[in-house]
Amino acid sequence: MDIAEEIQVLKKEKNAVILAHYYVEPEVQEIADYIGDSFYLSKIAVGLKQQTIVFCGVRFMGESAKVLNPEKTVLLPDMEADCPMAHMADEEAIQKVRKEYPDAAVVCYINSTASLKELSDVCVTSANAVKIVKALPNKQIYFIPDKNLAHYIASQVPEKEFIFNKGFCPTHERIEAKRICQAKQQHPKALVLSHPECEEEVLKLSDYIGSTSGIIQYAAESPNEEFIICTEKGVRYKLEKNNPGKKFYFPEPVPVCPNMKKITLEKVLHVLKTGENEVEVEERLRIGSKKPLERMLDLAAK
Ligand code: 13P
Ligand code: SF4
């Protein structure tokens, strides 16, 4: 039996289900029951019949799954797989903004710790942020942690006033506009599809801006044959699988999230075997951080 087969056998024995983000390695996506972007994975995690969720992604994803499903066991293949952006907001700064702008809504990108979520009014993902911010009754929005996503939403919702934070995704921030220009020169027929965690200069050069699922859907529906993809290289697996014959180029240096790449088949097998790396969220924090996550799921469904 190879390792992937061993995982399948053990998964059934342990009544477990495997969720994977598009940024993990292809062989990990292969063994997953559900693959998706952050929004899809947070929705799907609610109401699964299996008792154990093995979350192939970074820590905030497993944490959100646990917060929404306290009765389940959530296992992370690697506890060190942590999104640096999830920590790039300051609890004191939030309190300060709340004092200065009492009518502002604190909107928290799901790429954040449970402690930051607890202090927020609502969570969003890149797939639903524009819709949710538009639907909020508040005119002023303090958006944490991602400045790039915040600026993108602000451009789409000009009727609201934004207070910006300084967080960013190191993987997307590394994508340079000049590299996109070079790629466009090499592939003049290619459309540029970008994640909103990219800098404004990159987004300005883009034909489509959306979450990883949005990018995958756009590439499938477009009659175009060539695309320059401005997000993490893990999406290549799904893009090529869904679109044989279409060509996908990545800007140099190819964007890689080192934390997502910490998830390996060996580690998935290990946590299934041992039950190690269980995500725990202290009850008071769980209740506090559940509210903004549930509000996101409610507003996104409307
Ligand atoms: P989405 O899953 O919302 O596309 O976000 C990408 C990301 O950076 C996840 O960490
Ligand atoms: Fe965090 Fe960026 Fe990696 Fe996503 S790609 S997990 S935002 S560091």
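In each ligand, atom 1 is the first atom listed, and ligand 1 is the first ligand listed. Remember, it's a predicted structure, so these values are computed and weren't measured experimentally.
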Please tell me if the side chains of Val107 and Ile144 come closer than 4.5 Å, counting only heavy atoms from C-beta onward.
-> no
Provide, line by line, the atom pairs where ligand 1 and the protein bring an N/O atom each to a distance under 3.5 Å; else say none.
| residue | atom | partner | partner atom | Å |
| --- | --- | --- | --- | --- |
| ligand 1 | 2 (O) | His21 | NE2 | 2.7 |
| ligand 1 | 2 (O) | Ser38 | N | 2.8 |
| ligand 1 | 2 (O) | Ser38 | OG | 2.8 |
| ligand 1 | 3 (O) | Ser126 | OG | 2.6 |
| ligand 1 | 4 (O) | Ser126 | OG | 3.4 |
| ligand 1 | 4 (O) | His195 | NE2 | 2.9 |
| ligand 1 | 4 (O) | Thr212 | N | 2.9 |
| ligand 1 | 4 (O) | Thr212 | OG1 | 2.9 |
| ligand 1 | 5 (O) | His195 | NE2 | 3.2 |
| ligand 1 | 8 (O) | Glu197 | OE1 | 3.3 |
| ligand 1 | 8 (O) | Glu197 | OE2 | 3.0 |
| ligand 1 | 10 (O) | Asn111 | ND2 | 3.2 |

*ring pair (Phe, Tyr, Trp, His ring centres under 6.0 Å) involving Tyr249 - partner list, sequence neighbours excluded*: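 Here the qualifying residues are His187.
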(Q) Which residue in the set Glu200, Glu197, Glu173, His195 passes side chain to side chain donor-acceptor pair (under 3.5 Å) when paired with Asn148? (A)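 Of Glu200, Glu197, Glu173, His195, side chain to side chain donor-acceptor pair (under 3.5 Å) with Asn148 is met by Glu173 alone.
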Exercise. In Å, rounded to the nearest 0.5 Å, how long is the span from CG of Asp207 to CG of Asn224?
Worked result: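 Nearest 0.5 Å value for the CG-CG distance: 8.0 Å.
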query: Under 6.0 Å from the CD atom of Glu92, do we count more than 12 heavy atoms belonging to anything else shown?
result: no
| said: Are there over 12 heavy-atom neighbours, none belonging to Glu80, within less than 6.0 Å of that residue's CD? | reply: no
Within a distance under 2.8 Å of atom 2 (Fe) of ligand 2, the protein atoms of type N, O or S are Cys169 SG
Do Glu63 and Lys66 meet the salt-bridge criterion of a basic N to acidic O distance under 4.0 Å? no
Describe, in one word, how the ring planes of Phe143 and Tyr109 are oriented to each other, choosing from parallel (under 30°), tilted (30 to 60°) and perpendicular (over 60°).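 Phe143 and Tyr109: tilted rings.
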The salt bridge (charged side-chain N to carboxylate O under 4.0 Å, His left out) partners of Lys233 (sequence neighbours excluded) come to none
